[in-house]
Each structure stands twice: as structure tokens, then as C-alpha cells.
2 protein chains.
Amino acid sequence: MSVNGTISHEIASLLRDEILRSQYRRGERLPSERDLAARFNASRGAVREALSQLEQLGLIRILPGGARVQAIDAASIAILGPLMAIDVLPDPLLVDQFLQTFGALAALTARSAINQASNEEMRNLQGMVERLGKHAGDFGAMQTRWREFLEYLATVADNLVVRLIGNDLKAQFVEQMMNLGINPVMKPATIKQLVNSLKLALASKDAELAATTIQMQFDELRMAVGEAISLKQASYQKQAV
Amino acid sequence: MSVNGTISHEIASLLRDEILRSQYRRGERLPSERDLAARFNASRGAVREALSQLEQLGLIRILPGGARVQAIDAASIAILGPLMAIDVLPDPLLVDQFLQTFGALAALTARSAINQASNEEMRNLQGMVERLGKHAGDFGAMQTRWREFLEYLATVADNLVVRLIGNDLKAQFVEQMMNLGINPVMKPATIKQLVNSLKLALASKDAELAATTIQMQFDELRMAVGEAISLKQASYQKQAV
DNA sequence: CGACCAATTTGGTCAGACCAATTCTAACTG
DNA sequence: CAGTTAGAATTGGTCTGACCAAATTGGTCG
């Protein structure tokens with residue numbers, strides 16, 4: 001899970017997952033730092049660093065007398081990744097909410113981008129959409145192109161708030177999906193239609209149209225991902241038998 | 001800034017602000033833990049805890065050889081609050097981006113809420129909008145009602161991802177605005193129009209209409225807040241003379 | 001000038017200690 | 001017996017000083 005192989009990160013990761021698995025009730029007191037140190041065969045310092053991280057994540061509150069577990073929905077976005085990774089398959093509902101949110105932000109980005117784009121940026125965007133139209137067959141290549149397109153939109157829109165959120169979400173989500181090898185399948189016809197809509201939006205500098213198109217794009221993606229997960233789920237159950 | 005009065009939080013807060021003030025270039029190495037400890041008259045342990053927090057914020061990366069400063073736009077949302085609080089007045093552009101983002105998420109929330117609301121929840125929503133229509137004069141009361149309305153929308157929509165983001169954003173933003181005493185002024189006529197639109201959307205269960213209405217509501221708010229900040233700015237400059 | 005090796009620095013971790021504030025316990029009181 | 005309260009045990013916050021492995025640095029040699 002955590003790339004950095006330090007003990008404190010390790011401890012933080014373990015405790016985080018335990019909390020996310022709701023093995024502690026909200027408001028409950030975590031074991032004392034000394035107890036945790038004993039349990040993990042580590043020094044108190046290492047445990048304190050771990051707790052410090054969990055506090056930053058909003059999972060616990062440390063105060064004299066003991067560290068207390070907070071409500072999950074008071075935490076930071078950074079817990080979403082671990083939360084999805086806890087079970088073998090991510091919670092489909094959570095994934096759906098994820099894509100909804102991502103879609104809304106992408107739509108906002110598209111709107112701003114078109115409103116602010118310079119002539120040159122506009123040409124670049126049109127070029128990218130053009131290329132988006134081809135490669136309708138190869139899924140991998142297409143996904144890459146889409147991501148580049150969205151990335152460039154973000155650059156043009158230049159909204160720090162959205163960018164920060166996007167970073168977090170991407171870090172939490174995309175990686176998960178990749179690991180699971182979930183390949184959403186979208187109908188070529190639908191894609192072509194969306195691309196055409198995008199072209200039109202760019203040509204006429206219609207920010208609203210671009211926004212709704214992106215929105216629809218993500219709605220399609222949501223459905224496709226949902227089906228992909230269902231499939232995976234079925235195959236897992238098959239294995240279990 | 002930081003509520004918790006521990007030394008490690010204090011150090012983290014100071015270093016964070018220095019980094020946000022770009023007193024370190026990206027990729028640059030932070031002073032060593034020992035040096036920092038000497039500078040802050042603290043133990044290395046306290047410094048390490050502070051650095052641990054900054055790492056969680058995405059501001060730095062700690063690795064053997066030294067802690068290096070990361071690009072601001074690779075950080076977590078949690079830095080937005082401090083970022084806005086660095087100058088006497090928050091950067092208007094940042095505030096605007098903030099509200100845009102918040103608006104997009106609120107619109108999404110409204111859409112989902114209406115799509116998922118039970119009959120009882122629907123009645124509650126209608127009641128709240130009804131009350132929203134009154135009190136058009138008293139700004140404080142109205143703001144409270146709006147916030148309750150949005151809060152309830154979030155409850156109904158029940159989207160964990162949006163909720164987590166919203167938590168962060170609110171924690172970072174609303175508090176700042178409050179502290180500065182920025183009172184955006186919106187035309188009563190506009191408000192009335194928006195409320196009517198909301199009523200209609202609820203009555204006909206039109207999720208799209210609700211979403212766009214909320215969107216417009218925030219667009220109005222953006223303009224109002226922008227003006228309010230300009231005013232403040234002018235008064236500050238007046239003081240300086 | 002570039003490759004290589006040794007000394008130094010740096011982060012990671014540990015052990016043990018002290019303080020102040022909180023929490024717990026048990027005796028005490030009405 | 002319930003409620004209060006004083007004292008003991010626990011807990012987080014911090015410090016000191018130490019050791020290791022990896023990385024950085026600086027000088028030396030080809």
C-alpha cells in the first residue's frame with residue numbers, strides 16, 4: 001500500500017485500515033502509544049509519527065488523555081483510496097460516486113477552459129479532440145488520449161482548487177482501477193457521438209455544451225465501469241465455487 | 001492557525017507557511033532535521049512529527065538524504081486554507097475558483113438528491129426552500145438557512161466522495177470568509193428568482209433544473225463575494241494612506 | 001575531465017527519562 | 001447508597017543521546 005517502507009508508515013497504514021474497517025467505534029479511544037509500540041514491536045517515536053499522520057488524515061484526534069477515532073465522513077479525501085482497496089473488489093457504489101464527482105469537476109474544467117482558452121490553446125484542444133475521434137478501437141490508446149485531453153483542459157482552465165482535488169482523486173482512484181484490471185467497455189457509436197458534440201462545442205466556443213458533453217461522457221463511463229465491476233464480481237464468485 | 005498547541009504542530013505550521021510563501025524552490029532540500037531542531041529550539045522528535053504532517057499534506061517528500069519540497073499543485077486540499085490566509089486578504093482569483101468548485105459540487109449534490117429523495121425527504125426539501133424564500137432581508141439568517149439547505153441536500157444525496165471534499169473545502173474556506181467579515185450582498189430580486197426556480201424544480205422533480213439553479217446561485221455568490229473583497233481591499237488601501 | 005572511494009551528513013529507529021494534564025480508583029462523606 | 005473527592009496510575013508531549021544504513025559530498029587518482 002504505502003510506497004515508503006518506513007516503520008511509521010507501516011504502522012499508520014495498518015491502523016488506518018483497522019479504523020476504516022470500523023474495528024474501532026467512533027469516539028472510542030485508541031490503545032495508548034505505549035501499548036501500540038509494544039504491539040508493533042516499535043518505539044514510541046515511530047508510533048507517534050504514525051498517529052501524527054492519521055491525525056492529518058482526519059481519522060483520529062490526538063489529545064491529552066488519548067487518541068480518539070473520528071467519524072469517517074470527517075476525514076480527508078486521502079482515505080478514499082485505502083477505503084476502496086480494503087475489500088478485494090471496490091464497493092461499486094463508492095466507485096460510482098467517485099466517477100460522478102470526477103465528472104462534475106471535469107465538466108467544470110471544460111467550461112472554464114473554453115471560456116479562458118487563447119486562440120492557440122483552442123487550436124490545440126481541437127487537434128486533440130480530432131485525434132480522440134480516431135483510435136476508437138484500441139481501448140488503451142484511447143484512454144491515454146482522453147486522459148491527455150482532460151489534463152490539457154485542466155492546464156487551460158488553471159483552477160488550482162479543482163487541480164488539487166483532482167490530484168487526490170486520481171491518486172486514490174485511477175491506480176485502484178488499473179490494479180484491478182477493470183476495463184470498461186463503451187459503445188463506439190456513443191463515443192463517436194460524444195466526440196462530435198465536443199467538436200461542435202469547441203468550434204462554436206460553447207462552454208455549456210462542452211460541459212454537458214463531458215458530463216455525459218462520464219455518465220457513460222460510470223455505467224461501463226459498473227458493468228465491468230459486476231463482471232469481475234461474477235468471475236470471483238465463480239472462482240469461489 | 002493550528003488549534004492544537006503542541007510544538008510539533010507549531011513547527012509544522014511555520015514550515016508550511018514558509019513553503020506556501022515559496023521561500024523554498026520546488027525540489028529544493030529542506031534543512032536537515034537536526035538543523036530545524038536547533039532553529040526551533042526543539043527536539044528532533046518534534047521536528048520529525050512536524051515533517052511527517054507536511055508529508056501527509058503533500059508539501060514535501062521525505063527520503064533518505066533529505067526532505068524535498070514538492071510542487072504546490074501536487075499537495076492536498078488541506079493547504080488551501082493556509083494558502084488563503086497567508087496574505088491579509090485572500091487572493092480573489094483563488095476565492096473565485098473556490099466558489100466555482102463548490103458550486104459545481106453543490107449542483108451535483110442537488111441533482112443526486114432529487115433523483116434519490118424519498119417522499120418524506122422531498123417534503124422536507126420543499127419546506128426548507130419555502131422558508132428560504134422568506135427572510136430575504138436578514139443576511140445572517142438567510143445564510144444559515146442556505147447552509148442548512150445545502151447540508152440537507154448532501155444528506156439526501158449521500159455521496160461520500162463529495163461529502164469528504166466538501167468537508168475539506170468548508171473547513172478551509174468558510175472559516176476564512178467568516179474571519180474576514182466578508183458579507184457578500186445579493187439582490188433580493190435575484191434571490192427570489194432562484195428560489196422560485198428551486199421550488200419549480202422540486203415540484204416537478206427536475207434534477208437538471210435544480211442543478212443549474214444551484215449553479216447559478218453560486219455564480220451570483222461569486223460575483224457578490226468578488227465585489228465584497230474589492231471593497232475590503234479598497235478600505236485597506238485607504239487605511240494605508 | 002571524469003571515475004572512484006572515503007568521510008560526512010541525513011533520515012529511521014530505539015531506549016529511557018521527565019512533566020503536565022487527564023483519567024481512573026477507591027476511599028470518604030453526607 | 002449515591003455522590004464527592006483526593007490520590008494513584010495512565011497518557012500524551014517533549015527531550016537527550018545513541019546507533020545504523022543509505023545518500024551526499026569532497027577529494028583523490030587515473
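All chains are named by letter (A, B, ...) in the order of the sequence lines, taking the proteins before the strands, and each is independently numbered beginning at 1.
- More than 12 heavy atoms of other residues, nucleotides or ligands sit less than 6.0 Å from atom CZ of B:Arg44.
- Salt bridge absent: A:Glu55 and A:Arg16 never bring a charged side-chain N and a carboxylate O closer than 4.0 Å.
- Between the CZ atom of B:Arg29 and the P atom of C:dT9 there is a distance of 12 Å, rounded to whole Å.
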Got a list of protein N/O to nucleotides 11-15 of chain C N/O distances below 3.5 Å?
unit_1 : atom_1 : unit_2  : atom_2 : d
C:dG11 : OP2    : B:Glu33 : N      : 2.9
C:dG11 : N7     : B:Arg34 : NH1    : 3.0
C:dG11 : O6     : B:Arg34 : NH2    : 3.1
C:dG12 : OP2    : B:Arg48 : NH1    : 2.7
C:dG12 : OP2    : B:Arg48 : NH2    : 3.1
C:dG12 : N7     : B:Arg44 : NH2    : 2.7
C:dG12 : O6     : B:Arg44 : NH1    : 3.1
C:dT13 : OP1    : A:Ile7  : N      : 2.3
C:dC14 : OP2    : A:Ser43 : N      : 2.8
C:dC14 : OP2    : A:Ser43 : OG     : 3.0

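- For the pair A:Arg48 and B:Glu49, the salt-bridge criterion is met [side-chain N within less than 4.0 Å of a carboxylate O].
- Within a 6.0 Å radius of CZ in A:Arg21, more than 12 heavy atoms belonging to other residues, nucleotides or ligands are found.
- Looking at B:Arg39 and B:Glu33, no side-chain N of the basic residue comes within less than 4.0 Å of a carboxylate O on the acidic one, giving no salt bridge.
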